[in-house]
Amino acid sequence: MSKEPSELKINYNHETRIISLQAYSEGFFNWEKDITQEIMECAIEKLFDDMDCPTNGGIIQLQRVNDKRNGVNKVLAEVIKKK
């Protein structure tokens, strides 16, 4: 009988609004760590880089393209010039 491999999963809980890293060993839940802040900081930095936002600041406006939480196909964003 072969053992099920260990696995790491990233999970978003809509009720708690927490993004967590979950570890499983041989199919059983092992531990969980809240990584919400780290994920959001990385995602925001990536968006600013992808949109060629200036390093000294800027604003990115996001718009959800549909009302299904798990069905967003594309994130629309634009850099807004500071006034």
Side-chain angles (χ1 to χ4, degrees):
M1 182 184 295
S2 65
K3 290 169 56 174
E4 193 169 320
S6 296
E7 183 178 17
L8 291 175
K9 292 182 182 179
I10 294 177
N11 182 54
Y12 174 65
N13 184 318
H14 293 283
E15 292 175 9
T16 62
R17 298 181 177 176
I18 290 175
I19 300 170
S20 61
L21 180 63
Q22 299 174 338
Y24 294 83
S25 180
E26 297 180 17
F28 293 99
F29 177 77
N30 197 5
W31 55 264
E32 176 178 51
K33 177 172 174 30
D34 180 355
I35 57 171
T36 306
Q37 187 67 32
E38 293 87 348
I39 292 291
M40 294 306 297
E41 288 174 7
C42 287
I44 290 168
E45 283 300 318
K46 179 166 178 16
L47 281 172
F48 274 96
D49 287 348
D50 288 353
M51 298 298 297
D52 295 322
C53 196
T55 56
N56 62 350
I59 298 171
I60 295 179
Q61 181 175 344
L62 300 174
Q63 177 182 2
R64 180 175 273 160
V65 294
N66 60 30
D67 59 359
K68 293 170 90 178
R69 281 194 173 268
N70 293 326
V72 175
N73 297 325
K74 182 177 181 183
V75 175
L76 301 178
E78 63 179 298
V79 175
I80 300 173
K81 305 270 192 230
K82 285 187 173 181
K83 293 181 181 181

Practice item. Heavy atoms only: give me the nearest Gln37-Glu41 pair and the separation to one decimal. Key: NE2-OE2, 2.8 Å
Practice item. Kindly work out whether a path of hydrophobic side-chain contacts (I/L/V/M/F/W/Y, heavy atoms less than 4.5 Å apart) joins Ile10 to Leu8. Key: yes
Check your understanding: In Å and rounded to the nearest 0.5 Å, what is the CZ to CD distance from Phe29 to Gln22?
Key -> 5.5 Å
Review point. Are side-chain heavy atoms of Met40 and Ile19 found at a separation under 4.5 Å?
Key: yes
Revision key, fill the gap. Residues passing the side-chain contact (heavy atoms from CB on, under 4.5 Å) test with Glu38, sequence neighbours excluded, are Ile35
Review point. How long is the span from the CD atom in Glu26 to the OG atom in Ser6, to the nearest 0.5 Å?
Key: 7.0 Å
Check your understanding: Once you round to the nearest 0.5 Å, how far does CD of Glu32 lie from CD1 of Ile18?
Key -> 7.5 Å
Review point. Which pair of heavy atoms, one from Leu21 and one from Trp31, lies closest together, and at what distance?
Key: O-CZ3, 3.8 Å
Point to revise | Thr36 and Tyr12, any side-chain heavy atoms less than 4.5 Å apart | key: no
